[in-house]
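Each remark here refers to the structure printed beneath this line.
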Amino acid sequence: MRPLIVVYDEGSVAPSEIVVGLAELSPCVFAMGPTSHARSMVALLAQFGPVVQADPISPAVDELRAHAPRGIVTFSERAIPVTGELAQQLGLPYNSRRTVERLTDKWVQRSALRAAGVDTVRSHRIASEADWAPAVAEVGLPAVLKPANGGASRNTYLVDDADTGCDTVLRLLAQGSPGYVRGGALVLEEYLRGRDCGPFGDYVSVENLTIDGHIADIAVTGKLPLAPPFRETGYFVPAPLGSDEEAAVRALARDAVAALGVSSGFTHTEIKLTAAGPRLIEVNGRLGAGVHDLVGRAHGLDAVTLAGQVALGERVSLGHPPAGRVYFQIFHPAPRRACELLTVEGSREVRGLAGVTVHRPYVRAGTAIAGGVQTERLGVVMGEAGDTEELAALVREVNERLRYRFAFSDQREPRTVPAAELGEL
Amino acid sequence: MSDKPTRETTVLAEIWQDVLQVDQVDPDDDFYALGGDSLQAIRIVGAAKDRGLPLTLLQLFRSPTPRGAGAALAGALADRPPQGLGPFDLLAAGNLHLVPADVEAAYPATRLQLGMIYESLASEGALYVDTVSRTVNLPLDGPTLATALDRMAARHPVLRTRFDLATFGEPVQLVQRAVRLPLTVNATELAARHDQVMAALAEPYDPETAPLMRVHAAITSAESFRLSYSFHHAVIDGWSESIFLRELVTTYADLLRGGHTVLGTPAPFAEFVRLERAAQADEGSRQHFETALRGLPTRTRGSRGTLRKIADAVPTDDAAGLTCRGAEWGVPMKSLVLTACHAAAAAVWDEPEPVVGLAVSGRPELAGADLTMGLFLNHLPVRFEASGASWRSAALRALRAETELLPHRRFPYAEIRTLFGGDLFEVSLNYMRFHARDGLLDAGLIAADEDMRDPTDLPVRVEVFDDPRGSGLSLQVTADVTQYGEDLPTRLVRHLRTAIHRIVTEPDREASTA
């Protein structure tokens with residue numbers, strides 16, 4: 001059987017989930033991105049199919065063509081541009097170059113959405129210091145500053161005053177690649193003020209699967225509140241929305257996906273819930289992080305298999321999402337200041353709570369943590385609850401009982417905090 | 001979830017503990033929650049295979065707990081053809097009447113066994129009689145040890161097996177109903193005559209007389225004794241020997257305490273006989289080797305010269321570094337050792353693409369196969385190109401070459417020799433990690449030192465012992481110095497050491513020991 005190309009790099013789905021999801025579907029050829037993470041996964045993926053380097057592109061095209069591929073897919077934000085280029089050159093169905101650009105450059109995306117009348121969030125591109133003053137004049141403050149091509153909340157800041165903002169801009173541009181692209185620009189975007197969502201986050205995400213231009217809704221995911229500045233602390237399905245708001249959220253996501261010209265595959269659209277209705281945060285051209293697990297448990301669907309089927313032009317069956325229980329992941333964000341994780345206490349207790357199925361620490365005791373504002377996680381607690389009220393109570397329990405002890409490089413005494421207070425560190 | 005764990009589950013939990021380096025693993029512990037990552041998963045699958053459990057990465061990823069993976073394995077094993085081989089099913093039709101009355105099972109000898117029987121007879125018993133001696137930290141009680149040996153003979157048919165080379169039209173092995181393992185006990189003096197004992201144990205065996213094992217015990221103190229035994233290699237390989245040791249010592253210790261040991265049920269050895277015959281008839285395997293080894297020069301075996309053995313320990317830093325590289329690259333230790341051996345052979349023979357005869361186990365993928373004693377060890381020629389590659393990339397190629405060999409691992413080497421009309425490798429490599437010993441060492445039941453003598457007809461043998469709880473990582477090179485020169489063992493060891501050191505310290509430099 002002719003294989004499916006999987007372009008692999010750091011991303012939203014673990015290699016183990018990729019190989020399990022595609023095992024029964026198709027043989028695979030893995031095209032590896034240039035990061036050290038991708039390099040470290042070669043030995044594993046080589047057990048499941050031939051591995052080639054995706055970069056530089058023209059030898060990769062030759063090598064991949066020799067495998068007579070049937071389709072191409074990626075689960076990595078970083079790898080979307082190279083996937084688009086490979087697809088073009090190999091003549092495989094994928095989003096067009098234009099759509100790929102709209103999916104990966106936040107400023108181009110905003111412009112396209114504005115032009116299509118889908119959303120009118122103010123935004124301004126900042127490629128040099130000279131762009132800062134016009135950006136503030138157009139967007140106003142407070143505003144959100146982020147890399148034009150990025151992900152995982154890396155280098156994403158809330159800017160309250162123009163001077164601090166300008167300093168941040170200079171610092172980020174000096175880094176050379178604030179996002180995924182060398183020499184990449186920043187964007188300043190209107191800050192969308194969320195409505196009161198009680199114990200939950202004031203934003204949601206919508207997973208859409210586009211099949212031959214037809215856009216299907218896979219899930220609407222609720223969130224736990226962000227830790228400052230924009231670090232995520234948890235997801236759950238279904239989202240806690242009333243039926244009108246949910247309909248509006250779904251319609252906004254579909255309109256955005258259509259406006260960007262997405263022709264096939266998964267998109268992950270983040271939407272802010274404001275008092276004036278849902279507003280678009282951004283559209284990503286891949287499966288959302290954590291969605292594979294949540295959709296798997298809640299709907300019995302393997303999102304990787306679905307993505308593979310769509311990439312191969314095969315029929316997919318989406319079934320009907322069951323009503324009832326709430327499936328969740330609670331994340332514990334790493335401190336923003338450099339430190340060493342000394343101990344994690346309460347894991348056994350947390351695993352004993354009704355509704356919790358597993359606690360997976362990502363960082364072992366004794367590990368140094370670099371710090372920063374990107375979403376870096378100490379671990380995840382997964383499980384299910386009867387309803388959103390039960391979920392809120394369980395989140396409180398988990399976050400009180402799990403306690404982390406750190407040694408900060410700028411502090412003499414080690415410090416123990418419950419997970420609930422991690423966001424402040 | 002309070003069901004008693006199956007043996008698969010228990011073995012998997014032990015492997016996880018080892019690979020993930022955690023103090024305890026419970027049957028329902030989540031692989032990722034214990035800090036496991038995809039690369040450690042590769043090592044777990046490799047270790048499981050070594051222990052006769054054909055766990056796949058997919059099964060592990062789908063069911064990431066020992067109980068879940070154990071159940072997935074059991075399910076997969078249950079889907080295989082039934083293991084209900086009758087005791088005489090593999091005998092040629094019409095031969096049943098030739099089976100003597102005291103025999104409970106009979107099946108053909110394997111190609112692996114025949115090779116060893118032949119070489120052993122031709123050398124007048126000098127080859128393939130293995131002798132091993134260790135200190136057991138328990139008081140010596142002769143009658144109790146005899147009882148423990150009886151139990152071992154009762155549960156392992158190979159300990160009651162003899163060969164019949166003429167009567168059946170093909171060489172067969174016959175499992176006798178009742179056989180006692182001969183035991184001599186020296187209860188009055190210390191084991192001063194160790195070498196004499198070893199020499200007596202190493203007397204040639206008549207392969208047509210059971211048992212093909214003899215045991216000696218000599219008091220060394222009130223609380224310890226020297227346990228020595230020999231056996232014909234045609235019935236027991238290294239891994240099986242470690243099973244024998246573990247079961248014998250635990251049974252003996254329990255008998256001394258008045259307790260009772262419960263051991264799992266081994267899968268029948270006859271299943272391997274069936275699998276080897278199937279492998280030998282497999283056209284795909286034949287073609288694989290014909291293609292993979294095409295154009296290689298062959299060598300005919302000359303008369304054997306003097307063998308010289310050199311042993312050497314790998315420095316602890318290098319051994320630990322190698323483990324780290326393995327974890328970092330997702331390459332099992334065995335493949336790293338193959339990489340080192342390949343580079344060392346390339347340097348010593350000045351041959352950019354040397355062929356290494358890699359020892360692989362054909363142990364069946366059946367429940368209980370990790371408890372079966374027998375001879376499963378096959379040596380297969382592995383060839384891969386590594387010149388110009390970095391150590392990292394050479395290691396990945398070694399892993400790939402090994403993975404490609406996996407489906408053909410039971411194709412007997414003797415058959416390849418026939419196919420090509422001679423031998424295809426000079427250097428053979430056996431990587432040994434005998435978990436069965438770990439428990440005894442941990443419990444303080446045996447001492448770490450051992451005296452192992454196992455003469456073979458392989459001209460240059462590299463043996464690597466990975467014994468983290470005992471003597472660490474150590475190398476042994478045994479070579480025919482008449483043929484290859486007096487300094488060959490020393491040179492080979494030096495290149496092996498250099499290769500291991502460079503894998504650790506210069507992973508991105510060219511894979512060479514020059």
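Below, read A as the first sequence line, B as the second, and so on, with proteins coming before strands; counting in each chain starts at 1. Since we're looking at a predicted model, the values are computed, not measured.
Heavy atoms of A:Val20 lying under 4.5 Å from chain B belong to its backbone as well as its side chain. Neither the backbone nor the side chain of B:Leu60 has a heavy atom closer than 4.5 Å to any heavy atom of chain A. B:Leu399 touches chain A through its side chain: at least one heavy atom from C-beta onward sits under 4.5 Å away, while N, CA, C and O do not. Heavy-atom distances place the side chain of A:Val42, and not its backbone, under 4.5 Å from chain B. With a threshold of 4.5 angstrom between heavy atoms, A:Phe48 approaches chain B through side-chain atoms but not through N, CA, C or O.
Most heavy-atom pairs under 4.5 Å with chain B: of the set A:Arg351, A:Glu17, A:Arg39, this distinction falls to A:Arg39. Counting heavy-atom pairs under 4.5 Å between each of B:Asp30, B:Leu396, B:Asp29 and chain A puts B:Asp30 at the top. Contact count versus chain B (heavy atoms, under 4.5 Å) is highest, among A:Gln47, A:Met41, A:His359, for A:Gln47.
Classification of the B:Phe31-B:Trp16 ring pair by plane angle, with boundaries at 30° and 60°, yields perpendicular.
Look at B:Asp508 and B:Arg392 and you find a salt bridge, because one of the NZ, NE, NH1 or NH2 atoms lies within 4.0 Å of a carboxylate O, short of that distance. Residues B:Glu290 and B:Arg294 are not paired through a salt bridge, judged by the lack of any N-O separation under 4.0 Å between the basic side chain and the carboxylate.
For the 3.5 Å distance criterion, the side chains of A:Asp55 and A:Gln53 fail to qualify, holding no donor opposite an acceptor.
The aromatic ring centres of A:Tyr235 and A:Phe331 sit less than 6.0 Å apart.
A:Arg78 contributes no side-chain N or O that, together with a main-chain N or O of A:Glu10, makes up a donor-acceptor pair within less than 3.5 Å.
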